[in-house]
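Heads up: the structure comes next, in structure tokens.
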Amino acid sequence: MTSTYFKVYDFLFNYQLSSRQMLIMGRFYNRLASSMRHGSDFYQDGDFYIIYSHDELSQEFQVTKRSISQDIQALKKAGLLEVQTAKHPGQANRYFFPLKPEDLIPANQKPAPENSTKSQAQLPATPQPTQTQPDLKQGDETGCLKEGQVKAGLHPHLANLLATYNSSLASSYELGHLIFAAKKQVEKTVTVSSCSEVEAFLFETNPLLNFELMRNFRPVMVRVRNLAKKPGHHNFKGYIFKAFTKILTRAVRCFDNFDANTLQNYMAQPDAFREELFFLGA
């Protein structure tokens, strides 16, 4: 491995990861910071991504590419990575991050998407000073909105996601409103056992509510943006509401049917519970 310094974030210890997998995430987040500094060069579908080849990781960590592939799969199952597979041989995959550390949340002023063939390995490691002054009024409003959403029960990462995907299709305020409207709908329509009839519907007592929203938020918004490209009139907010309702229904049913140990395993590897989710109708 090279001698470059990078952070390993504390929240990664909440997941069942090996030491190498946490170090890989540290590398990934370090490169994500580089992506964000270079704006639209590494921006797609409303979010920043990185390019990191298995050959590069294999060389840096002195392990086989098969070991790297297994680590990437583990990080995907943990909900920390989304992988867009390369379309052509010889190209590297693109990695997106549903969960980002606080210091890597993109600014509300997002760049316009465009394709780029730059090699991220050649990007400078130190940030360049910006000459533009932030819009303090807008920043204050955004901060107050996020603070209010967090006080209402949303995880800080989820509140930041709402700000990141703020657009003409749905503002961050409207996205938050749709989450709580979907939650009320689930409370009316989903029946749970008496022992969890209160806890299952509260953000404070059911961690799966925030977990499922964070894990599935970006795919929902990508589908909405793809829908916007198609001709005709579309009810975007209605689509988002239905998607959030489905996501929160799954979170409530899992909480109601899984014991504490199973819940922990599910949050570490949600893709491994496909049969259980099918049985629950989630």
Side-chain angles (χ1 to χ4, degrees), residues 11 14 46-47 79 82 98-100 102 105 141-167 169-225 227 234-260 262-264 266-268 270-271 273-274 276-282:
F11 77 90
N14 296 326
D47 205 359
E82 291 177 3
L99 295 180
K100 299 181 181 69
E102 293 291 340
I105 300 297
E141 292 176 352
T142 302
C144 290
L145 177 58
K146 288 194 292 185
E147 183 180 355
Q149 290 169 340
V150 171
K151 286 183 178 179
L154 299 190
H155 191 282
H157 288 298
L158 180 56
N160 279 313
L161 277 174
L162 302 189
T164 300
Y165 282 86
N166 180 70
S167 70
L169 299 179
S171 67
S172 55
Y173 172 82
E174 290 171 323
L175 289 170
H177 176 76
L178 289 170
I179 286 176
F180 288 101
K183 180 172 169 288
K184 287 184 178 180
Q185 178 67 16
V186 173
E187 291 175 3
K188 295 177 181 178
T189 58
V190 178
T191 303
V192 297
S193 60
S194 58
C195 62
S196 61
E197 62 182 353
V198 176
E199 291 86 351
F201 301 103
L202 296 177
F203 284 109
E204 294 81 3
T205 52
N206 182 357
L208 291 181
L209 296 173
N210 272 302
F211 175 77
E212 288 294 332
L213 285 168
M214 288 187 290
R215 190 167 72 93
N216 294 281
F217 186 85
R218 181 180 175 274
V220 169
M221 298 309 297
V222 169
R223 287 194 292 270
V224 168
R225 290 184 176 183
L227 186 63
H234 304 286
N235 183 2
F236 301 113
K237 295 180 180 64
Y239 177 87
I240 295 171
F241 171 77
K242 290 180 180 179
F244 286 169
T245 300
K246 183 178 180 180
I247 291 168
L248 293 174
T249 296
R250 176 169 59 246
V252 168
R253 287 179 174 166
C254 288
F255 181 86
D256 187 42
N257 288 273
F258 293 166
D259 58 31
T262 307
L263 280 175
Q264 184 178 4
Y266 173 73
M267 293 180 72
D271 291 338
F273 284 76
R274 292 179 181 175
E276 289 86 346
L277 295 177
F278 177 79
F279 177 77
L280 295 175

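The residues of the chain are indexed from 1 along the displayed sequence.
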Measure the [atom1]-[atom2] distance between [X] and [Y] for me, rounded to the nearest 0.5 Å.
X: L209; Y: R250; atom1: CG; atom2: CZ; value: 11.5 Å
X: K242; Y: I240; atom1: NZ; atom2: CD1; value: 12.5 Å
X: T164; Y: H157; atom1: OG1; atom2: NE2; value: 11.5 Å
X: C144; Y: Q149; atom1: SG; atom2: CD; value: 11.5 Å
X: E82; Y: R218; atom1: CD; atom2: CZ; value: 5.0 Å
X: T249; Y: E187; atom1: OG1; atom2: CD; value: 11.0 Å

Heavy-atom pair with the smallest gap, counting every atom of [X] and [Y]:
X: A170; Y: L175; answer: CB-CD2, 3.8 Å
X: P207; Y: T205; answer: CD-O, 3.4 Å
X: F203; Y: I179; answer: CZ-CG2, 4.1 Å
X: S172; Y: L162; answer: CB-O, 3.2 Å
X: N210; Y: G153; answer: ND2-O, 3.0 Å
X: A152; Y: E204; answer: O-OE2, 4.3 Å

Evaluate the criterion side chain to side chain contact (heavy atoms under 4.5 Å, CB included) for residue pair N206 and F201; output intermediate values, then yes/no. CA-CA 7 Å; N206 182 357; F201 301 103; over 6 Å; no
Is there side-chain contact between R253 and V190, with at least one heavy-atom pair below 4.5 Å?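 Contact flag for R253/V190 side chains = yes.
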More than 12 heavy atoms from other groups under 6.0 Å of OH on Y173: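 Atom OH in Y173 is not packed in, count stays at 12 or less.
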Do any pairs count as a salt bridge (Lys or Arg N to Asp or Glu O under 4.0 Å) and have a residue in residues 152-162, sequence neighbours left out, and if so which ones?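 Salt bridge (Lys or Arg N to Asp or Glu O under 4.0 Å) check on residues 152-162 returns no pairs.
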With sequence neighbours excluded, residues passing side chain to side chain contact (heavy atoms under 4.5 Å, CB included) with A182: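 Once residues adjacent in sequence are excluded, the partners of A182 under the side chain to side chain contact (heavy atoms under 4.5 Å, CB included) criterion are F241, F244, T245, L248.
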Residue that, paired with V252, satisfies side-chain contact (heavy atoms from CB on, under 4.5 Å) out of T191, V192, L208: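 Only one of T191, V192, L208 forms a side-chain contact (heavy atoms from CB on, under 4.5 Å) with V252, namely V192.
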